[in-house]
Each structure stands twice: as structure tokens, then as C-alpha cells.
Amino acid sequence: MSRNGHQGPHGRQGRDPGLRPSSYPNPPTAVFVGSFAMPRGLRFATHTHPVHQLAWSERGLLRIRTADGAWLLPPTLALWIPAGVPHATEAAGDALMRAPYVTPARCPAPVAAWTDPTVLAAPPLLRALIDHLSGVDLAPDARARAEGVLLDVLTPVPVTSLSVTEPRDPRAREVARALAAAPGDGRPLSAWAAEVGVSARTLARLFAAGTGLPFGQWRERLRMQAAMPLLADGLTVEAVARRVGYASASSFVAAFHRVVGVTPRQYFPVSSHAGPGLGPVPRPPGTIDP
């Protein structure tokens with residue numbers, strides 16, 4: 001059992017992470033930073049905030065899910081979650097989450113116009129600003145200046161959601177779950193169709209109808225989703241490529257770029273890999289859960 005919740009059937013489940021009224025940033029503060037140590041598997045079920053959230057992990061890998069998609073975020077990326085958008089937060093590896101919460105009334109354009117979750121770059125300047133705004137002894141003028149710079153440097157990047165829908169039909173679902181358990185299994189559609197007792201054409205139709213994607217594209221997205229935690233743990237591109245079913249690093253890199261929008265090295269720069277293990281993070285009075 002963690003200090004944030006209890007042990008659930010699919011990993012540790014955090015308590016309801018809704019924003020408490022006592023934690024709401026009071027004017028003239030526009031940005032309030034929450035810090036959370038999240039061991040691997042800790043999950044906060046779907047919830048909303050009355051403020052905007054910038055989900056960012058200083059170390060480790062975060063998984064954010066909404067009705068519109070799912071994102072795996074290394075320390076080089078953050079996700080802007082507009083106020084009121086239902087989302088679930090999970091640590092895909094031991095993570096240290098540092099999340100700025102932004103009061104909507106004090107959010108400038110064009111950031112205020114982002115009504116959908118938006119992936120942002122997290123360069124050293126943004127990380128330094130988050131750390132700076134975590135301080136509790138900033139003078140009001142200094143805080144206001146830092147808040148303005150933080151909101152000014154937010155830059156969207158062309159990263160695609162990695163949401164993978166499970167088929168509704170039980171035969172297609174059986175194949176999907178087998179591939180999720182072993183993404184490197186390279187058997188063709190016809191072999192999987194024989195496995196569940198249907199024709200290849202029928203299985204292709206079931207996948208397209210149930211997921212919105214042809215079987216090949218669905219499996220490619222699944223493989224990229226499986227590759228993310230391995231890359232975050234520091235495995236080489238060559239090793240990850242073999243584990244998720246690619247014969248060469250180059251074919252894996254091409255597929256990653258095609259699905260995600262950037263290369264593995266752009267998504268996981270070598271300097272961003274997290275070290276093992278996270279100690280507890282002090283939680284000042286009034287802090288909030290993700």
C-alpha cells in the first residue's frame with residue numbers, strides 16, 4: 001500500500017486526485033507547482049481539475065489517458081491538460097512528477113485557446129522555471145515574472161497519441177491480447193486468423209470495425225506503445241527493435257517516426273534517461289495530487 005492509495009487488481013491505485021479548495025492557487029498567483037513521487041504502477045483514476053495542468057515528469061515515464069488518446073511522456077515532453085478535461089495519470093516507471101497548475105483566469109493567449117490536450121517540449125529553460133516556481137519564498141514580483149516566462153515558452157511539438165483500442169469481437173480481442181503480451185510475435189494476419197478459427201479476411205474486417213485501424217497499423221501502434229517503457233529504461237534502439245518485432249534498428253526507427261512523429265532519439269535523448277529508484281518527495285502543506 002502506498003501513502004497515496006491502496007493496492008488494486010492492476011497495480012497501486014491512488015486516492016481521488018481532485019483538487020481540494022484549500023489547494024487552489026489564490027490570486028495573484030497564476031501558477032502553483034505540485035510535486036509527487038510516483039512508484040511504477042501507481043495510477044490515479046480518471047478525474048478533472050478546475051485549473052489547467054502541465055503534466056511533466058522530472059524523472060521516469062508518465063502515462064496520461066483521456067477520452068481522445070493516450071500519451072507516454074519522458075522528461076523531454078509535457079502534456080497541457082485544459083481545465084475540466086477528464087484524465088487518468090499513471091507511472092509507467094518510477095517517476096518524479098512536477099506539475100504546474102495554471103489558473104484559467106490568468107492564462108494568456110495563445111495558451112488559453114488550447115482546448116484539447118497538447119504535447120509540449122520540456123527544454124532546460126522550462127524545467128528550470130518549474131523548479132524556480134516550486135519555491136515558497138518568492139517575492140510577488142519575482143513570481144509574476146517567472147510565471148509569465150513559463151507560460152510564454154510553452155511550445156507544442158508534433159507528437160501523436162499512442163492510444164490503442166481493443167477490438168470488441170471476442171476472436172479479434174483474443175488476438176489483440178496475445179499480441180499485447182508478446183508484441184514481438186511476428187506471425188502474419190493469416191496465422192492469427194487460423195489461431196482463432198476465422199478467415200484472414202474476417203479477422204481483418206473485425207480489427208478495422210473494432211479499432212478503426214487496419215490490422216497492420218494497429219499492431220504497429222501497439223509495438224510503439226510497448227517500446228516506450230523499454231526506451232525510457234535506457235535499452236538501445238537495437239535491443240528494443242528486436243523485443244517488439246523488428247528485424248533491424250532502421251526499420252524500427254522508421255516505424256517509430258511514422259507512428260509517433262519523431263525519432264526515438266528525439267523522444268528519448270540520452271541525457272534524459274532516469275536513474276533507478278526515487279526517494280520520497282517532501283509535500284508542503286496544501287499540495288495536491290496529480
Name every donor-acceptor pair, under 3.5 Å, that has one atom in a side chain of residues 204-213 and the other anywhere in the protein, sequence neighbours excluded.
| unit_1 | atom_1 | unit_2 | atom_2 | d |
| --- | --- | --- | --- | --- |
| Thr211 | OG1 | Phe207 | O | 2.7 |
| Thr211 | OG1 | Leu213 | N | 3.1 |
| Thr211 | OG1 | Leu213 | O | 3.2 |

Rounding to 0.5 Å, atoms OG1 (Thr263) and CZ (Phe268) come to a distance of 11.0 Å
Take Glu147 and Arg106, measure what salt bridge (Lys or Arg N to Asp or Glu O under 4.0 Å) needs, and give me the verdict at the end.
CA-CA 10 Å; Glu147 290 172 347; Arg106 299 185 58 82; 5.2 Å; no
Just jot down the salt bridge (Lys or Arg N to Asp or Glu O under 4.0 Å) partners of Arg258, sequence neighbours excluded, or say none.
Glu220
Less than 3.5 Å apart, which donor and acceptor atoms pair up between the side chains of residues 239-248 and the rest of the protein, not counting sequence neighbours?
| unit_1 | atom_1 | unit_2 | atom_2 | d |
| --- | --- | --- | --- | --- |
| Ser248 | OG | Ser250 | OG | 3.1 |
| Ser248 | OG | Ser251 | N | 3.2 |
| Ser248 | OG | Ser251 | OG | 3.1 |

Please list all pairs passing the side-chain hydrogen bond (donor to acceptor under 3.5 Å, both in side chains) test where one or both residues lie in residues 134-146, with sequence neighbours left out.
Arg98-Ser134
Check the pair Arg40 / Asp233 against salt bridge (Lys or Arg N to Asp or Glu O under 4.0 Å), numbers first and verdict last.
CA-CA 12 Å; Arg40 182 187 298 268; Asp233 284 344; 3.8 Å; yes
Looking at Pro100 and Ile130, what are the two nearest heavy atoms and their distance?
CG-CG1, 3.7 Å
Got a donor-acceptor contact below 3.5 angstrom from the Trp192 side chain to the Arg187 backbone?
yes
Which pair of non-hydrogen atoms, one from Ala37 and one from Leu42, has the smallest distance, and what is that distance?
O-CD2, 4.4 Å
Testing the basics here: between Ala83 and His52, what is the closest heavy-atom pair and its distance to 0.1 Å?
N-ND1, 2.9 Å
So, Arg173 side chain and Arg168 main chain: donor-acceptor pair closer than 3.5 Å or not?
yes
Might you point out which heavy atoms bring Ala172 and Pro167 nearest each other, and give the distance in Å?
CB-CB, 3.6 Å
Beyond-backbone contact of Gln53 with Val85, side-chain heavy atoms, under 4.5 angstrom:
no
Hey, does the side chain of Trp218 reach the backbone of Thr165 with a donor-acceptor pair shorter than 3.5 angstrom?
yes
Val259 side chain near Leu162 side chain, heavy-atom distance below 4.5 Å:
yes
Any side-chain heavy-atom pair of Pro104 and Val51 under 4.5 Å
yes
Side-chain contact test, heavy atoms from C-beta onward, threshold under 4.5 Å: evaluate it for Val175 versus Phe215 and give yes or no.
yes
Any chance the side chains of His257 and Gln266 put a donor and an acceptor closer than 3.5 Å?
no
Taking the side chain as C-beta and beyond, is there a heavy-atom pair between Leu235 and Leu231 under 4.5 Å?
no
Taking all atoms of both residues into account, what is the closest heavy-atom pair of Leu61 and Pro229, and its distance?
CD2-CA, 3.7 Å
Separation between CG (Leu189) and CD (Glu195), nearest 0.5 Å, reads 12.5 Å
Apply ring pair (Phe, Tyr, Trp, His ring centres under 6.0 Å) to Trp114 and list each qualifying residue two or more places apart in sequence or on a separate chain.
Trp80
Heavy-atom side-chain contact between Leu54 and Val102 under 4.5 Å
no
Are Tyr101 and His49 near enough that their ring centres are under 6.0 Å apart?
yes
Pairs in or reaching into residues 119-154: which pass ring-ring contact (aromatic ring centres under 6.0 Å, His included), with residues at least two apart or in two chains?
none
Got His47 and His87 here, is their nearest side-chain heavy-atom distance under 4.5 Å?
yes
On a heavy-atom basis, the closest approach of Ala92 and Arg63 is CB-NH1, 3.9 Å
Residue pair Ser35 / Met97, side-chain heavy-atom distance below 4.5 Å:
no
